[in-house]
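To start, the structure under review is shown below, and the notes come after it.
In this text the structure is predicted, and so the values were computed from the model without any measurement. Values below: all heavy atoms of this structure, side chains included; hydrogens, waters and symmetry mates excluded.
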Amino acid sequence: PYAVGLALAIALYIYAGTFEYAPRPGQLGPETWPRLAILLMGASCVWEISRRLIAGNQDAAGFLEAFDRETDTEEKQPVYPRLLIGGIVLMAIYAVLVPVLGFILGTFLFLAAFMYVGGYRAHGAIWGASAAVTVFCGILFLRIAYVSLPRGIAPFDRVTDIFFAIPSLW
């Protein structure tokens, strides 16, 4: 399967280079981020192929081999269907509300709510991690990758404005 994945990565990489666009000086083209993701996919396939060739396919338990293991001798892990349903509902709510709240505020609230639904109760860690991940994603998508993300509607769009008004952080 990793050889098929590598062949697919090569084909997609070549195809991503055929995007037609009017290049702008100092800006990345639309093929940059897909090609980066495709390179990572190809590199992981090369890594796995190399690992299996060197190890002689011994002790190389990958994704497909995980389904062959017997589960009768292993302890069964507890299943939490309510947490799963809660997470799915939260993602659906996030998808609906992010155009209204904007990416920055919506992501911040989603991350905090997701941790609460997951059963984590260290409030400082929840809000701190939500803030840190939101700032990281905001900088990555809005300042580095130049991805157009939802600003939100008034009055929530002010949060995005405040985020951009602090350029000394980025």
Side-chain angles (χ1 to χ4, degrees), residues 1-2 4-6 8-9 12-13 16 28 30-48 51 60-166 169-170:
Y2 301 107
V4 172
L6 181 59
L8 182 63
L12 288 173
Y13 187 86
L28 299 173
E31 82 284 354
T32 303
W33 298 110
R35 277 189 153 182
L36 179 62
I38 293 166
L39 279 173
L40 291 173
M41 182 176 86
S44 67
C45 289
V46 168
W47 170 263
E48 191 62 30
R51 186 174 74 97
F63 177 77
L64 296 176
E65 289 82 5
F67 292 105
D68 295 336
R69 295 183 182 162
E70 293 193 22
T71 58
D72 296 339
T73 59
E74 297 177 10
E75 276 188 41
K76 294 212 174 206
Q77 297 292 324
V79 178
Y80 302 101
R82 290 182 184 161
L83 294 179
L84 175 65
I85 293 168
I88 292 170
V89 168
L90 268 177
M91 284 189 269
I93 291 170
Y94 175 72
V96 170
L97 287 182
V98 86
V100 175
L101 298 175
F103 176 79
I104 301 296
L105 181 60
T107 300
F108 175 72
L109 295 175
F110 167 74
L111 291 171
F114 198 82
M115 286 185 257
Y116 279 116
V117 166
Y120 198 67
R121 295 294 180 257
H123 305 295
I126 288 174
W127 295 104
S130 296
V133 170
T134 300
V135 167
F136 173 77
C137 289
I139 292 169
L140 177 67
F141 294 134
L142 298 170
R143 295 289 188 185
I144 297 173
Y146 297 111
V147 175
S148 179
L149 296 172
R151 296 181 49 78
I153 62 172
F156 304 114
D157 61 344
R158 292 186 184 144
V159 174
T160 303
D161 294 339
I162 291 169
F163 186 82
F164 278 113
I166 311 172
L169 288 177
W170 346 122

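Applying the side-chain hydrogen bond (donor to acceptor under 3.5 Å, both in side chains) rule to pairs touching residues 35-45 yields nothing, sequence neighbours excluded. Sorted by first and then second residue, the salt bridge (Lys or Arg N to Asp or Glu O under 4.0 Å) pairs involving residues 155-165 (not counting sequence neighbours) are R151-D161.
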Only pairs under 3.5 Å count here: list side-chain donor-acceptor contacts from residues 77-89, not counting sequence neighbours, and write none if there are none.
none

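The aromatic rings of Y116 and H123 sit tilted relative to each other, their planes meeting at an angle between 30° and 60°.
The shortest heavy-atom contact between R121 and M115 is NH1-O, 4.4 Å. Here the shortest heavy-atom pairing between S130 and A112 reads OG-N, 3.1 Å. Listed here is the closest heavy atom pair of P150 and P99: CB-CA, 4.0 Å. Residues L149 and F141 share a closest heavy-atom pair of CD1-CB, 3.5 Å.
Taken to the nearest 0.5 Å, the SG atom of C45 stands 6.0 Å off from the CG atom of L6. Separating the OG1 atom in T160 from the CG atom in L105 is a distance of 8.0 Å, to the nearest 0.5 Å.
The shortest side-chain heavy-atom distance between F114 and I126 does not fall under the 4.5 Å cut-off. Side chains of E31 and Y13 form no contact here, defined as non-hydrogen atoms less than 4.5 Å apart.
Residues satisfying the side-chain contact (heavy atoms from CB on, under 4.5 Å) test with A122, not counting sequence neighbours, are Y120, A125. Scanning for side-chain contact (heavy atoms from CB on, under 4.5 Å) contacts around L36 gives W33, with sequence neighbours left out. Residues satisfying the side-chain contact (heavy atoms from CB on, under 4.5 Å) test with L97, not counting sequence neighbours, are I93, L101. F108 pairs by the ring-ring contact (aromatic ring centres under 6.0 Å, His included) definition with W127, not counting sequence neighbours. In this structure Y94 satisfies the side-chain hydrogen bond (donor to acceptor under 3.5 Å, both in side chains) test together with T107, sequence neighbours excluded. With sequence neighbours left out, the side-chain contact (heavy atoms from CB on, under 4.5 Å) criterion links L12 to L8, I38, M41.
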